[in-house]
Each structure stands twice: as structure tokens, then as C-alpha cells.
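Read the structure below first, then the notes.
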Amino acid sequence: MNLYPLGRSICNFILFPIYQFKVIGKENVPKDGGVLLCCNHIHNFDPEVIGITSPRPIHFMAKEELFSVPVLGKILPHINAFPVKRGFSDRGALRKGLEVLNDGKVLGLFPEGTRSKTGELGKGLAGAGFFALRSNAHIVPCAIIGPYKPFKRLKVVYGKPIPMDEYRQNKASVEQVTEAIMNEIKHLITAHT
């Protein structure tokens, strides 16, 4: 049973009045085909905010420990989340992520791997570059520009898809592609702050 639409409605009902999102560039998310949506990570509510504002349903990796939490662990698979073991390469999660992209769906990723304690953009991990190079998905950068303060407007900016042909043809490394993605996210933050 897919609870994503219900979860999205509940989150929208609760979070929109508090944070009054301003969404910019929603039209940059392709309507069809696989999309790797790469976003900065500044708050625990980031997945919900992206889920509410994105024009398409998103599949997220969630840290494996959350699937052991009573009730939540049962709900997560029904809201398009799948587990990832953090701290080392999780081949099962990588395969699942590629499957999502190859099925023409949207995979949401926070390339930093964890929430920024300072709000500053951190270094991206190789996973973003891996998915970008191993799939034919559109790569869409996204920036959440806070801070998360009640009744203050929160910006969510979707950038134009990053052209990947040159990186794929030149056999760029996953690190180079991840860096290019992070630079695009940084550009969105700078341009809209």
C-alpha cells in the first residue's frame, strides 16, 4: 500500500503554515524519465520539504537504523524510502537506487550524507557521482535556503538539469561529477540568498 500521497498531504498541512515555502524552478524537474535530485541538507525536515515541493514523487534512501524504530520502520517502505548502511559502500542500496532511476522515477539524495550542523554546504560523497554516471537520469540540483524558523519563509530552489554527456563521454570520476553537482547546489544557494 502506497502511503506517499497521504504522507505528502499530512506534511503539507503541518509544515506549509509554519515555513510558508517559496518554491523556485519547479519546472526544471523533468516530467518524465529518471531524475537524480541532489539537495543540500540543513535540517531533519529536508526530506519532507522536498517531498512536498517536488512536482513528482521522490524515493529516498534513509539510514538503516530508522527501519528499526517501532511504527516508523513499518511506514518508511510505504512512503518510497529504502534503507542504506551509512559509513561504507552499501551495494544493496546502490542497486536499489539505480533501479529507481532506471524505472524512470525520482531518487532524492543529500550528497553530503548527513545534516550540516552549521548550515554551510559540506563536501559531497561519491554516491551522487556514482548514480549520475551509472544511469541515464537527469541530474537536478536543489537548494533549501533557511533558516528553519517558524513563520519565516523558507526557499526551495530547483536548478536546471546538469548536462552529463561530457562527463560520461570523458569517463570522469565519480568524485569529479559529485564536485560538479555540489558546485551547482552552491551556485543556487549563492544566487538566491
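The residues of the chain are indexed from 1 along the displayed sequence.
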Run the side-chain contact (heavy atoms from CB on, under 4.5 Å) check on L107 and V35 step by step: do they pass? CA-CA 6 Å; L107 177 64; V35 173; over 6 Å; no

Check: Does any N or O in the side chain of S116 come within less than 3.5 Å of the main-chain N or O of H41, such that one atom is a donor and the other an acceptor?
Finding: no

Interatomic distance, CZ@F67 vs CD@E65, rounded to 0.5 Å, equals 10.5 Å

Counting only heavy atoms not in D103, do more than 12 sit closer than 6.0 Å to its CG atom? yes

**Asked** Does the side-chain contact (heavy atoms from CB on, under 4.5 Å) test come out yes or no for I52 and F21, once each step is laid out?
**Response** CA-CA 10 Å; I52 292 167; F21 313 112; 4.2 Å; yes

Report task. Using a cut-off of 6.0 Å, state whether more than 12 heavy atoms not belonging to H78 lie near its atom NE2. Result -> yes

d(L121 CG, I189 CD1) to nearest 0.5 Å is 5.0 Å

*asked:* Please check this pair: side chain of R56 against backbone of P30, looking for a donor-acceptor N/O pair closer than 3.5 Å.
replied: yes

**Prompt:** Have Y158 and S54 got a donor and an acceptor in their side chains that come within less than 3.5 Å?
**Reply:** no

Worksheet entry | Derivation and outcome, side-chain contact (heavy atoms from CB on, under 4.5 Å), residues I50 and V156 | CA-CA 8 Å; I50 298 300; V156 183; 4.1 Å; yes

In this structure, CG of L101 is separated from NE2 of H59 (nearest 0.5 Å) by 9.5 Å

message = Is there a continuous path of hydrophobic side-chain contacts, each under 4.5 Å between heavy atoms, that joins M164 to L98?
response = yes

- Message: More than 12 heavy atoms of other residues, nucleotides or ligands under 6.0 Å from CD of E27: yes or no?
- Response: yes

Closest heavy-atom pair, Y167 versus A180, reported as atoms and distance to 0.1 Å, is OH-CB, 3.2 Å

Just distance, no hydrogens or angles: give the donor-acceptor pairs under 3.5 Å from side chains in residues 126-142, sequence neighbours left out.
residue	atom	partner	partner atom	Å
S135	OG	F131	O	2.7
S135	OG	A137	N	3.3

message: Any side-chain to backbone donor/acceptor pair from E112 onto G122? Under 3.5 Å, distance only.
response: yes

Open item on the list: Could you check whether any side-chain N or O of K155 sits under 3.5 Å from a backbone N or O of T193, counting only pairs where one atom can act as donor and the other as acceptor?
Closed with: no

| query | Do any N or O atoms from the side chain of N12 and from the backbone of R8 form a donor-acceptor pair under 3.5 angstrom? | reply | no

In terms of heavy-atom contacts, V49 and I144 come closest through CG1-CD1, 4.3 Å

Any E99 side-chain heavy atom under 4.5 Å of K96 side chain: yes

Tightest non-hydrogen contact, residues V84 and A93, listed as CG2-CB, 3.7 Å

dist K123:NZ -> T178:OG1 (nearest 0.5 Å) comes out at 8.0 Å

Donor-acceptor contact below 3.5 Å, side chain Q169 vs main chain E166: no

Tightest non-hydrogen contact, residues V29 and P55, listed as CB-CG, 3.8 Å

### Query
Parallel, tilted or perpendicular: which describes the rings of Y148 and H43, with under 30° parallel and over 60° perpendicular?
parallel

The reported gap from CD in E48 to CD1 in I79 (rounded to nearest 0.5 angstrom) is 7.5 Å

*Is there a donor-acceptor pair under 3.5 Å between the side chain of R153 and the backbone N or O of Q20?*
yes

Whether the side chain of N170 engages the backbone of A172 through a donor-acceptor N/O pair (distance < 3.5 Å, no angle test) should be reported. no

Q.
Would a single hydrophobic cluster contain both F60 and L6, if residues Ile, Leu, Val, Met, Phe, Trp and Tyr are joined by side-chain heavy-atom contacts under 4.5 Å?
A. yes

Taking side chain as C-beta onward, heavy atoms only, is L154 less than 4.5 Å from I145? no

Answer whether the closest heavy-atom distance between the side chains of F45 and L15 falls below 4.5 Å.
yes

For a side-chain contact (heavy atoms from CB on, under 4.5 Å) check, start with the C-alpha distance between I24 and H192, then their side-chain angles and the critical distance, and finish with the verdict. CA-CA 9 Å; I24 300 166; H192 295 278; 3.8 Å; yes

P150 and Y19 have their tightest heavy-atom pair at N-CE2, 4.1 Å

Does atom NZ of K152 have more than 12 heavy-atom neighbours, drawn from other residues, nucleotides or ligands, at distances under 6.0 Å? no

task: Side-chain contact test, heavy atoms from C-beta onward, threshold under 4.5 Å: evaluate it for C11 versus F16 and give yes or no.
output: no

query: Near K105 NZ, under 6.0 Å, is it more than 12 heavy atoms from other residues, nucleotides or ligands?
result: no

Output for pair (M182 CE, C38 SG), nearest 0.5 Å, gives 8.5 Å

When every non-hydrogen atom of G119 is compared with those of I42, the smallest separation belongs to O-CG2, 3.9 Å

- Message: In this structure, would M1 and V71 fall into the same cluster of hydrophobic residues linked by side-chain contacts under 4.5 Å?
- Response: yes

